[in-house]
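Note that these values count all heavy atoms, side chains included, but never hydrogens, waters or copies made by symmetry.
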Amino acid sequence: MVDHVVHFFFDDTGLADDPLRAVGAFLYDRQEAVAVARVVAEIDQILLRYGTERPNRFYLQAPEWAELTRLAGDTYRRLVTSDTALEES
């Protein structure tokens, strides 16, 4: 599970390198890119602190995971709000 998250942000999409480049492709605006950048930064900090070779359970139980979950939830709500606004216009 954690592997999929890491690969999505760091390997598959390029969001870890420059989320602003995704604006217009699959992010709508700079605010979405900034929100995604915060999630990526939190993931990066967790991986820098604990390494990349631990089992999923370890990361999910790390104290920092709660903040990551909060940031991810905020980002998800921002993305959904953007989608809804565009569909209604």
Side-chain angles (χ1 to χ4, degrees):
M1 177 176 102
V2 174
D3 281 354
H4 297 298
V5 171
V6 171
H7 287 297
F8 175 79
F9 285 109
F10 290 85
D11 301 328
D12 299 339
T13 63
L15 287 170
D17 296 324
D18 186 5
L20 287 172
R21 287 184 29 202
V23 172
F26 53 92
L27 296 176
Y28 289 117
D29 57 26
R30 181 171 172 50
Q31 289 79 20
E32 285 189 359
V34 169
V36 168
R38 288 184 188 124
V39 171
V40 168
E42 190 67 24
I43 294 169
D44 199 34
Q45 287 303 307
I46 291 170
L47 296 177
L48 286 172
R49 173 170 279 180
Y50 298 113
T52 60
E53 301 300 319
R54 305 217 184 219
N56 286 333
R57 183 179 323 139
F58 177 87
Y59 297 108
L60 297 175
Q61 293 173 347
E64 298 87 353
W65 200 261
E67 176 63 9
L68 174 59
T69 301
R70 187 193 66 74
L71 286 171
D74 291 348
T75 299
Y76 172 77
R77 285 184 287 282
R78 176 177 296 280
L79 296 173
V80 169
T81 300
S82 295
D83 280 346
T84 303
L86 285 172
E87 289 173 2
E88 293 174 353
S89 61

**Student:** List the atom pairs, donor and acceptor, that lie under 3.5 Å between side-chain atoms in residues 8-15 and the rest of the protein, sequence neighbours left out.
**Tutor:**
from	atom 1	to	atom 2	distance (Å)
D11	OD2	H7	ND1	2.4
T13	OG1	F8	O	2.7
T13	OG1	L15	N	3.2

**Student:** Compare every heavy atom of L20 with every heavy atom of A33, then report the nearest pair and how far apart it is.
**Tutor:**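 In this case the closest contact between A33 and L20 is CB-CD2, 3.6 Å.
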**Student:** Determine the minimum heavy-atom distance between N56 and D3, stating which atoms define it.
**Tutor:** OD1-N, 4.1 Å
**Student:** Applying side chain to side chain contact (heavy atoms under 4.5 Å, CB included), can you list everything that pairs with D17, at least two apart in sequence or on another chain?
**Tutor:**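 Side chain to side chain contact (heavy atoms under 4.5 Å, CB included) list for D17, sorted by chain: empty.
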**Student:** What I'd like to find out is whether the side chain of L27 reaches to under 4.5 Å of the side chain of V36, using heavy atoms alone.
**Tutor:**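 Side chain of L27 against side chain of V36, heavy atoms only: contact under 4.5 Å found.
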**Student:** Which salt bridge (Lys or Arg N to Asp or Glu O under 4.0 Å) pairs, counting each pair once, include a residue from residues 65-77, with sequence neighbours left out?
**Tutor:** E67-R70, R70-D74, D74-R77
**Student:** Does any pair with a residue in residues 21-42 pass salt bridge (Lys or Arg N to Asp or Glu O under 4.0 Å), and if so which ones, sequence neighbours excluded?
**Tutor:** none
**Student:** Measure across V40 and A16 and return the closest heavy-atom pair with its distance rounded to 0.1 Å.
**Tutor:** CG1-CA, 3.6 Å
**Student:** According to side-chain hydrogen bond (donor to acceptor under 3.5 Å, both in side chains), who are the partners of Y76, at least two apart in sequence or on a separate chain?
**Tutor:** none
**Student:** Mind checking whether I43 and V34 sit in one hydrophobic cluster, side chains of I, L, V, M, F, W, Y counted as touching below 4.5 Å?
**Tutor:**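 No, separate clusters.
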**Student:** The criterion is salt bridge (charged side-chain N to carboxylate O under 4.0 Å, His left out); which residues satisfy it with R49, sequence neighbours excluded?
**Tutor:** E64
**Student:** May I ask you to decide if the ring planes of Y59 and W65 are parallel, tilted or perpendicular, using 30° and 60° as cut-offs?
**Tutor:**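 Judged by the thresholds at 30° and 60°, the geometry between Y59 and W65 is tilted.
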